[in-house]
Amino acid sequence: MASALIEPRVLRGFRDYLPEEMIPRQRMINTITAVFERHGFAPLGTPALEYSEVLLGKYGADAEKLLFRFTDNGGRDVSLRYDLTLSLARVAAQYGNLPVPFKRYQIAPVWRAERPGHGRFREFYQCDVDIVGAAGPLAEYECIQVDYDVMTALGIEKFSIHVSNRKLLEGLSSKLGVSDSAQSRAIARTIDKLPSQGEGAVRALLFSDAGLNSEQIGIVFEYLSLKGSNEAILAQLREFFANTPEAHSGIESLEAIIRCASAAGIPESTIELDLSIARGLDYYTGTVYETFLLDLPALGSVMSGGRYDGLVAIFTGQDVPAVGISVGIDRLFSGLQETGRIPQAATVSQVLVTVFNESTTPQSLQAATRLRSLGVAAEVAVEGGALRRQLKYANKQHIPFALIIGPDEAENGTMTLRDMESGEQESFSTVEAVAARVLEQRDDHLS
RNA sequence: GUGAGUGUAGCUCAGUUGGUUAGAGCAUCAGACUGUGGAUCUGAGGGUCGGGGGUUCGAAUCCCCUCACUCACCCCA
C-alpha cells in the first residue's frame with residue numbers, strides 16, 4: 001500500500017532561493033563580506049535559537065509579539081532570534097576575553113512572526129557590522145565609511161547616506177515638555193514617516209497618535225524645517241537647541257562625523273543630515289543612519305543602523321558603547337535587479353565536459369579533473385546520452401563552453417572546445433590550452 | 001491584528017444563463033535526429049478545478065466555512 005503523498009510546500013512567509021536567484025545573491029554577499037573584512041571586521045556565528053529571556057524586553061512591546069516563541073522538548077522557553085544585534089550584545093556580555101573594541105560581522109537569517117507582504121518575509125537575512133566598546137565618533141564614522149565602501153563595491157554610484165541622532169529627538173521632547181517615554185517614541189515614529197506620508201499626514205498623526213497640541217506641533221515642524229547644507233543645519237540646530245542640553249552631545253557627534261567623512265574624502269553630497277530619520281527600534285541611543293538609492297527612493301532604506309550604548313547593560317548592568325550598520329540584502333538585491341545591475345547567471349559551470357561513450361569516458365573525466373585544478377569550473381555530463389542531449393543541457397543552463405571528446409579526438413589525442421554562444425569550435429591538444437581559452441573569455445566578460 | 005480582492009496543469013490564463021470525458025499557449029519528456037544546442041513537425045505525460053460542507057437530476061460555475069496568496073492599513077528589513 002502506498003502511503004499518502006506529501007504535498008511539497010514551505011511555511012507562510014518562508015521561501016526557497018533557487019540557483020538562478022542564489023548565484024547572483026551569493027556573489028553580492030561575497031562582495032559585501034570582502035568589504036567588511038578589509039575594514040578588520042571578523043565573522044561571528046551565534047545560534048538561531050536563544051532563551052526567550054535573552055531576547056525579550058529590549059525590542060519594545062510591539063516587537064515582542066513578533067517573536068517565534070515556543071517551549072522546546074526539554075521544557076525550555078526559547079525563541080528564534082529576531083535580529084542579530086541582541087545576540088551580539090549577549091556575546092559581548094558573556095565572554096570576558098574579547099578584544100576591545102570588538103569588531104564583528106554576521107550574515108545570517110532572522111525570524112519574525114509578522115504578516116508577510118510585498119518584500120516582507122518571516123525568515124530573512126540580516127547582514128550586520130558592529131563595533132562594541134568604542135564610544136567616540138570615529139566608530140560612528142567608520143560605519144559610514146563601510147556603508148560608502150559597500151555601495152561603491154557593488155557598483156552603485158547614486159546613493160545618499162542620511163544621518164541623524166536620537167539625542168536630538170530627546171532634546172525635542174524636552175523642548176515640547178514631553179517626559180513620558182511612550183509619548184516620545186510615538187513622536188519619533190511619526191516623524192520617521194515624513195518622507196513617505198508627507199507633512200499633512202504627519203501633522204494629523206502628531207495630534208491623534210502622539211497627543212500633541214497645535215503649539216507643540218508647530219515646534220516639531222520648526223525642527224523638521226531646518227534645511228540647507230550640513231554646515232547650515234548644524235548651525236541652526238545649535239541655535240534651536242541653545243537651551244536644551246539633552247541635545248548637545250548629539251549635535252557634537254554629528255559635527256565630528258561630518259568632519260571625519262570630509263577628511264576621508266567621502267563626497268559631501270553623499271552624506272546628508274536628515275532630521276526626520278528616527279529608526280523604529282527602541283534600543284538606539286545616538287547616531288542613526290539610513291541609506292537610499294537615488295534612482296529608487298521608494299524602495300526605502302537599503303542600509304541602516306546606529307548607536308545603541310545601552311544594550312549590553314541588560315546583561316551586565318553596565319553601559320557598553322556599541323554602534324553598527326546593517327545591509328538590507330534582500331531589498332538591495334531587488335533594487336539592483338530593478339536597475340539592471342545584477343548579471344544573469346543560471347549556472348556556476350564554465351565548461352560542460354561531454355561524455356561520448358564508455359571507452360572515451362576516462363579521457364573526459366581526466367580532462368575535467370585537470371580543468372578544475374587549473375581553476376576552471378568544469379561539469380561532467382553525468383547523464384550521458386546523445387551528444388545532442390548534452391549540448392541541449394549546456395545551452396539551457398547557459399554554460400559558456402562544451403568540451404567534446406569523442407572517438408575521433410581520443411584517437412588523435414585532441415579535444416574540441418565549442419563556444420556555446422557563437423557555435424564556433426576549436427581543436428586543442430592540451431587541457432592547459434583549453435583552460436587558458438576559457439579563462440580568457442571569462443576575463444573578457446568581466447571587463 | 002483590521003479591511004478588500006483573487007484561487008483552474010510547473011508558469012500565464014480560457015472555460016457561455018449550472019449541462020456529457022475541464023481546454024490553450026509556454027515549459028517538460030519522447031520521436032523525426034546514436035558526432036553537435038537554440039528552429040520546425042509529430043506525439044506523450046501532467047488536474048481530488050485550493051480544501052471541506054451545502055443547494056441541485058447535475059457544480060470549476062450558486063451558498064456557507066476554512067486555508068493560501070495579493071493589495072491597502074499597522075509595523076518594519
Side-chain angles (χ1 to χ4, degrees), chain A residues 4-5 7-16 18 59-67 81-85 107-128 185-186 188-190 192-193 196-197 201 205 208-209 278-282 284 289-292 299-305 325-335 352 354-358 360 364 381 383-411 415-425 427:
Chain A
L5 293 178
E7 185 191 351
R9 54 182 185 155
V10 297
L11 286 165
R12 175 178 168 80
F14 289 67
R15 62 187 161 155
D16 296 313
L18 297 181
Y59 291 127
D62 283 345
E64 280 175 29
K65 282 186 277 186
L66 303 180
L67 282 177
R81 64 183 169 219
Y82 175 94
D83 70 10
L84 302 175
T85 310
I107 300 170
V110 302
W111 295 268
R112 296 183 189 177
E114 205 175 8
R115 183 165 182 153
H118 176 68
R120 297 173 65 190
F121 300 90
R122 289 183 163 176
E123 176 184 63
F124 61 95
Y125 275 71
Q126 285 197 329
C127 173
D128 289 11
R185 281 201 299 275
R189 258 203 319 275
T190 309
D192 207 35
K193 288 174 190 161
S196 58
Q197 305 204 8
L205 286 171
S208 60
D209 287 13
R279 310 276 306 132
L281 290 175
D282 286 347
Y284 289 109
Y289 325 93
E290 296 203 349
T291 308
F292 299 91
L299 190 67
S301 173
V302 294
M303 194 161 175
S304 52
I325 192 158
S326 173
V327 186
I329 290 185
D330 298 294
R331 190 179 274 186
L332 185 55
F333 185 75
S334 70
L352 177 74
T354 62
V355 175
F356 194 83
N357 60 29
E358 240 174 80
T360 64
S364 291
E383 214 189 358
L387 184 59
R388 174 163 34 88
R389 210 179 129 82
Q390 300 180 32
L391 291 176
K392 196 168 181 169
Y393 168 80
N395 181 58
K396 197 176 167 216
Q397 290 295 301
H398 297 110
I399 300 174
F401 291 96
L403 188 64
I404 299 164
I405 303 174
D408 297 350
E409 286 84 356
E411 197 174 322
M415 56 213 98
T416 301
L417 186 68
R418 181 178 181 85
D419 182 324
M420 293 302 292
E421 201 181 328
S422 67
E424 283 166 21
Q425 296 193 168
S427 182

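A note on names: the letters A, B, ... follow the listed sequences, proteins ahead of strands, and every chain is numbered from 1.
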**Derivation and outcome, side chain to side chain contact (heavy atoms under 4.5 Å, CB included), residues A:Met420 and A:Phe401** = CA-CA 5 Å; A:Met420 293 302 292; A:Phe401 291 96; 5.6 Å; no

**Prompt:** In terms of side-chain heavy atoms of A:Arg331, which of B:rU36, B:rG35, B:rC76 is nearest?
**Reply:** B:rC76

**Fill in**
Rounded to whole Å, CG of A:Leu205 lies from P of B:rC75 at a distance of 8 Å

**Request:** Report the distance from atom CG of A:Leu387 to atom P of B:rG38, rounded to the nearest whole Å.
**Result:** 12 Å

**Asked** Taking atom C1' of B:rA77 as reference, at what distance in whole Å does atom CZ of A:Phe333 sit?
**Response** 16 Å

**Asked** Does a distance-only test, which skips hydrogens and angles, find a donor-acceptor pair under 3.5 Å between the side chain of A:Gln425 and the base of B:rU36?
**Response** yes

**Message:** Quick test of the criterion, 5.5 Å between centres and less than 30° between planes. Is A:Phe124 stacked on B:rA77 or not?
**Reply:** yes

**Request:** Would you verify whether the NZ or CZ of A:Arg122 falls within 45 degrees of the ring axis of A:Phe14 while also being under 6.0 Å from that six-membered ring's centre?
**Result:** no

**Prompt:** For A:Leu18 and B:rC11, what is the distance between atoms CG and P respectively, to the nearest whole Å?
**Reply:** 12 Å

**Request:** Output yes when at least one side-chain N/O atom of A:Arg189 is less than 4.0 Å from OP1 or OP2 of B:rC75, else no.
**Result:** yes

**Prompt:** How many Å lie between CG on A:Leu417 and P on B:rU36, as a whole number?
**Reply:** 18 Å

**Message:** Is it the case that the base of B:rG37 and the side chain of A:Arg418 share a donor-acceptor contact (distance under 3.5 Å, atom types as modelled)?
**Reply:** yes

**Message:** Once you apply a heavy-atom cut-off of 4.0 Å, does A:Ile404 come out as touching a base, just sugar-phosphate, or nothing?
**Reply:** base

**Request:** Have a look at A:Gly423 and say if it touches a base, only the backbone sugar-phosphate, or nothing, with a 4.0 Å heavy-atom cut-off.
**Result:** base

**Request:** Could you check A:Thr416 against A:Glu114 and say which one's nearest nucleotide on RNA chain B is further toward the 5' end?
**Result:** A:Thr416

**Fill in**
Between NE2 of A:His398 and C1' of B:rG38 the distance, given in whole Å, is 9 Å

**Request:** With heavy atoms under 4.0 Å as the rule, sort A:Asp330 into base, sugar-phosphate or nothing.
**Result:** nothing

**Complete:** Using Watson-Crick geometry (N1-N3 plus N6-O4 or O6-N4) or G-U wobble (N1-O2, O6-N3), each under 3.5 Å, B:rG19 is paired with B:rC57

**Request:** Identify whether any heavy atom of A:Tyr393 sits under 4.0 Å from a base atom; if not, whether one sits that close to sugar-phosphate; answer base, sugar-phosphate or nothing.
**Result:** nothing

**Asked** Any side-chain heavy atom of A:Pro109 sitting closer than 4.5 Å to one from A:Phe124?
**Response** no

**Request:** Find the partner of B:rU34: check Watson-Crick (N1-N3 plus N6-O4 or O6-N4) and G-U wobble (N1-O2, O6-N3) distances, both under 3.5 Å, and reply none if neither fits.
**Result:** none

**Asked** Could one point to a donor on the side chain of A:Glu409 or the base of B:rG35 with an acceptor on the other under 3.5 Å away?
**Response** yes

**Prompt:** With sequence neighbours excluded, what pairs up with A:Arg418 under the side-chain hydrogen bond (donor to acceptor under 3.5 Å, both in side chains) test?
**Reply:** A:Gln425

**Asked** With both distances under 3.5 Å as the test, what is the Watson-Crick or G-U wobble partner of B:rG47?
**Response** none

**Prompt:** Are A:Phe356 and A:Ile404 side-chain neighbours, meaning at least one heavy-atom pair lies under 4.5 Å?
**Reply:** no

**Request:** Verify the contact: side-chain N or O of A:Lys396 to OP1 or OP2 of B:rA27, cut-off strictly under 4.0 Å; return yes or no.
**Result:** no

**Message:** Rounding to an integer number of Å, can you tell me how far A:Glu383 CD sits from B:rU34 P?
**Reply:** 16 Å

**Request:** Can you tell me the distance, in whole Å, between the NZ atom of A:Lys392 and the P atom of B:rA27?
**Result:** 10 Å

**Message:** Go nucleotide by nucleotide along RNA chain B from the 5' end; which of A:Phe121 and A:Arg389 gets its closest nucleotide reached first?
**Reply:** A:Arg389

